[in-house]
Amino acid sequence: MSRAHLSNIAKPVLLKGMSLEQLRTWCQEAGEPAYRGTQLFDWLYKRGATDPAIMANLPSGFRGWLAENTLLSAGSVVGKSASALEPTLKYLIHLEDGSLVETVSMLEAGRHTVCLSSQVGCNVGCTFCATASMGLVRNLHPGEIIDQLLLVQEDRGIPATNVVFMGMGEPLLNYASVIAAAEIMHHPRGLNIGAQRITISTVGIVPRIKQYTDEQQPYRLAISLNATDDQTRAEIMPLDRKWNLEKLLNAARNHARTSKRAITFEYVLLAGINDSIKDAGRLARLVSNIKCKINLIPYNEAGAIFRKPLQHVIEAFAAQLKEARIPVTIRWSNGVDIAAGCGQLAAPMNLQEDAQVSTDY
Ligand code: SF4
């Protein structure tokens, strides 16, 4: 296939998000040797290039053609808020179609953790989460996921050490794009981030957890549990009616056994809902035969419905788990003052007019 032919069928082509193999094949179809794809992969991800003009090892004719026929960036930063409490930044990122997503950058204990969005909005409807109010607009393309990371790195001037898929959206409902993006982040010629420093978090899309396990994906898996009985869980997470605790914990157990890696269970503590000592005891029993650790996340008061438990209640809950020898951490969210904490992300709605809520996932 000739370069002219490629120009006719797709213009402009978004290169960001293509894997090494895809870029090599694409270059060959454009009439260039496959190794040009390797060079492009390097420029796009390792060096974060957004302009073909700086790609000094590519022929000038090819660079000119790239400038006319391809897009190297999927988004741009249009807003940034800085926390007064800790070195946390929240970015508002504008995508090519006018959609907006939020991305959070946290510096802590020598780590630079970037929290990525995987969808514009979300239709899962967890009642404690601000993103749920947006409904689902659309899934993100792998390039739009990677660009969040590259834009943050460029702005901060600090490479990411850790990546968490805990921003807007349910990552496992955009499975293919999230895995494609993670592969590029992990690739030694890409961003070279260790697989165990990439965490994919889910509220419990059981068939996708099974797929993730069967495919032996090397990334960390986190599961948002948030309740110890189905009635309470279904009230705050409607998807429990589709995949209840038993199904979810079976999938989690199978993943931990097969991968031989610990699962992280996230547990958002909501005052008076799921924070009793009885809950802590039930939680310990539910996960007792699963290799795991538990992150307790005191609720960030994003709306008026729920309240954060008092400090002594949070500590008593954690102590009960410790007594049962379950590894537990209390995770105080960063950037709460700029609505960048867990469950607080929700891009402005003025450009999100197509938002829809659906339970068809
Ligand atoms: S917690 Fe996650 S899955 Fe639930 S509504 Fe929010 S973004 Fe969606």
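Counting convention: from 1, in listed order, for ligands and their atoms alike.
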- Within the 2.8 Å cut-off the protein N, O or S neighbours of atom 4 (Fe) of ligand 1 are Cys126 SG
- The single option from Asn226, Asp240, Thr228 that satisfies side chain to side chain donor-acceptor pair (under 3.5 Å) with Arg233 is Asp240
- CD (Glu154) with more than 12 external heavy atoms under 6.0 Å: no
- So which heavy atom in the protein is nearest atom 2 (Fe) of ligand 1, and how far is it from that ligand atom? Gly169 O, 4.0 Å
- Query: In terms of ring plane angle, is the pair Trp65 and Phe62 parallel, tilted or perpendicular, where the classes change at 30° and 60°?
  - Reply: parallel
- Item | Arg208 with Glu170: basic N within carboxylate O range, under 4.0 Å | no
- Message: Would you call the rings of His255 and Tyr212 parallel, tilted or perpendicular, taking 30° and 60° as the class edges?
- Response: tilted
- Message: Regarding Arg253 and Asn250, do their side chains bring together a donor and an acceptor under 3.5 Å, going by distance alone?
- Response: yes
